[in-house]
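Contents: one structure, followed by commentary.
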Protein chains: 2
Amino acid sequence: METRGQRSDAYHKLREAIVSGQYHPNERLVEASIAQRMGAGRTAVRAALVRLDQEGLVEIEPNRGARVRLISDREALEIEEVRAALEGMLARRAATRVTAEDLSALRQVITKMRERVEAGDSIGYSELNATFHQRIWTAADHPTASHLLGSLKSQGIRFQYQTALRPGRAQRSLREHEAIFGALKAHDEDSAETAMREHLAEVLDTLRWAIESQHRAARWLPG
Amino acid sequence: METRGQRSDAYHKLREAIVSGQYHPNERLVEASIAQRMGAGRTAVRAALVRLDQEGLVEIEPNRGARVRLISDREALEIEEVRAALEGMLARRAATRVTAEDLSALRQVITKMRERVEAGDSIGYSELNATFHQRIWTAADHPTASHLLGSLKSQGIRFQYQTALRPGRAQRSLREHEAIFGALKAHDEDSAETAMREHLAEVLDTLRWAIESQHRAARWLPG
DNA sequence: ATCGTCAATAATGTCGACAATCCGATCGGT
DNA sequence: ACCGATCGGATTGTCGACATTATTGACGAT
């Protein structure tokens with residue numbers, strides 16, 4: 001029965017396409033073409049767009065259609081700030097809840113991170129970074145916050161690798177992660193939260209630097 | 001020339017109706033009847049429901065329709081935790097950004113709060129409470145966080161007045177607000193954040209108490 | 001050449017109809 | 001009386017058609 005998996009995942013497909021960069025910021029999202037491209041009806045696509053709009057990934061202007069929402073520099077910084085506040089809280093919670101498996105998984109991630117740093121592989125490092133943080137989310141066992149963080153993350157995706165460009169950042173970042181790990185291992189709530197906050201404060205600074213240096217570059221090569 | 005203001009505000013209307021308690025948790029939301037009741041087409045109502053689902057106010061089960069989402073006790077506590085983390089950050093930001101008008105507005109609110117406490121008017125106090133916090137949001141000038149807080153608040157609406165039931169709570173709450181105000185007035189970031197965090201930690205405790213005492217009551221009067 | 005007007009086109013917004021699905025009730029067998 | 005199958009009403013899901021609205025480009029007046 002029904003070989004084709006035509007479900008209501010127009011939403012998931014479209015979301016994935018946007019997050020993975022197949023559609024660029026400000027690019028128009030025409031219902032008909034999307035519908036055709038992913039073999040769904042216009043109705044389903046419309047519903048997906050409404051959801052994505054509510055989620056902040058897409059912007060719908062009445063009678064003018066939908067486009068991929070462009071996250072401004074300022075907004076990216078705000079997102080990072082929110083992330084810091086939320087993850088600080090999660091780190092605190094995680095400190096009293098991490099299981100042995102969590103800790104061993106985290107330790108493994110850190111080991112791989114160290115490899116990546118020594119290999120000078122920034123993007124590999126960034127990905128491990130993401131899994132490290134997400135493991136803490138699950139350890140914290142806090143669906144509400146995790147959900148929000150996931151949503152914010154996909155909005156900030158455009159800035160994901162920007163922070164890795166700063167020279168020497170990876171080494172420092174690695175040390176910060178080790179500090180977080182240590183606090184979690186010791187089940188020390190306060191240290192865990194502060195370590196996480198300090199880490200994300202650094203990230204925030206680095207992001208500010210990246211954005212600033214981007215502006216500087218744009219001024220040299222106008223157009 | 002359309003005298004009737006039939007716009008796409010099916011969403012706003014429905015949202016307001018849910019938040020204001022016209023529809024109870026778990027109540028079914030039948031597209032046809034809602035459409036009729038608010039003079040919109042089924043299409044618009046459908047779109048509104050999708051948005052509300054994404055927003056967390058409504059739950060759509062495929063082929064089974066939409067109902068007002070019931071926020072569990074656990075979730076209410078999680079929401080309050082997130083709120084604490086976010087508002088702590090906002091208080092810190094506000095400390096360096098409050099204007100003279102902000103401060104005078106806050107002072108006024110506190111004055112009215114004191115009146116309400118002395119009059120024993122818990123619900124009047126709760127409303128002032130909301131305006132106090134929201135004024136801080138605007139002072140913090142942080143759209144991303146404010147937006148999230150607004151959304152969370154409407155989800156937790158069911159528990160809004162629960163915390164006011166605890167004896168003596170209002171007096172303590174008032175003192176906490178005064179502390180926050182003092183820190184903001186002094187433009188002291190650290191104090192502002194800690195004051196806000198301590199305040200919301202108290203609120204969280206009170207909420208735990210309220211939920212617990214509710215359970216206790218339910219055990220005595222089964223059914 | 002510049003500006004405004006207007007038509008042609010493309011895309012969105014909305015409606016009605018119908019198919020698919022679910023829920024409850026009725027009915028028959030044991 | 002109990003249980004499972006079956007039918008009917010109610011509701012959701014989807015499609016196609018059409019009206020509405022923006023956008024583009026051509027045209028003509030100044």
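Each chain gets a letter, A, B and so on, in the order its sequence line appears, and its residues count up from 1. Just so we're clear, the structure is a prediction, and the values are computed from it rather than from any experiment.
The distance from atom CG of B:L49 to atom P of D:dT11 is 14 Å, rounded to the nearest whole Å. Going from atom CZ of A:R67 over to atom P of C:dT12 covers 11 Å, rounded to whole Å. If you measure from atom CZ of B:R28 to atom P of D:dG9, you get 18 Å, rounded to the nearest angstrom. Between the CD atom of B:Q36 and the C1' atom of D:dT11 there is a distance of 15 Å, rounded to whole Å. One interatomic measurement links the two molecules: CD of B:E59 to C1' of D:dT12, which rounds to 16 Å at whole-angstrom precision. For B:E31 and C:dT14, the CD to P distance is 15 Å, given to the nearest whole Å.
With contacts defined as side-chain heavy-atom distances shorter than 4.5 Å, the pair A:E80/A:R83 qualifies.
Side-chain contact, B:N129 with B:S126: no donor N or O sits under 3.5 Å from an acceptor N or O.
Remark on DNA chain C: of its neighbouring residues B:P62 and A:I60, the 5'-side contact belongs to A:I60, judged by nearest-heavy-atom nucleotide.
Between the side chain of B:R93 and the backbone N or O of B:A140, at least one donor-acceptor pair lies under 3.5 Å.
In the set C:dG13, C:dA11, D:dT12, C:dG13 carries the atom at the smallest distance from any side-chain atom of A:R42. Among the nucleotides C:dT12, D:dT14, D:dA22, the one closest to the side chain of B:R46 is D:dT14. Proximity note for A:N63 (side chain, C-beta onward) versus D:dT12, C:dT12, D:dT23: the nearest is C:dT12. In the set C:dG13, D:dG13, D:dT11, the nucleotide with an atom closest to the side chain of B:V30 is D:dT11. Considering only the side chain of A:T43, D:dT14 comes nearest among D:dT14, D:dA17, C:dA11.
Between D:dT11 and B:R64, no contact under 4.0 Å exists linking OP1 or OP2 to a side-chain N or O.
Ring orientation note: the planes of A:H199 and A:H133 are close to parallel, at an angle under 30° on the 30°/60° scale.
Nucleic acid contact for B:L29: sugar-phosphate only, since backbone atoms but no base atoms lie under 4.0 Å from a heavy atom of the residue.
Just one of A:E75, A:E59, A:E55 meets the side-chain hydrogen bond (donor to acceptor under 3.5 Å, both in side chains) condition when paired with A:R69; it is A:E75.
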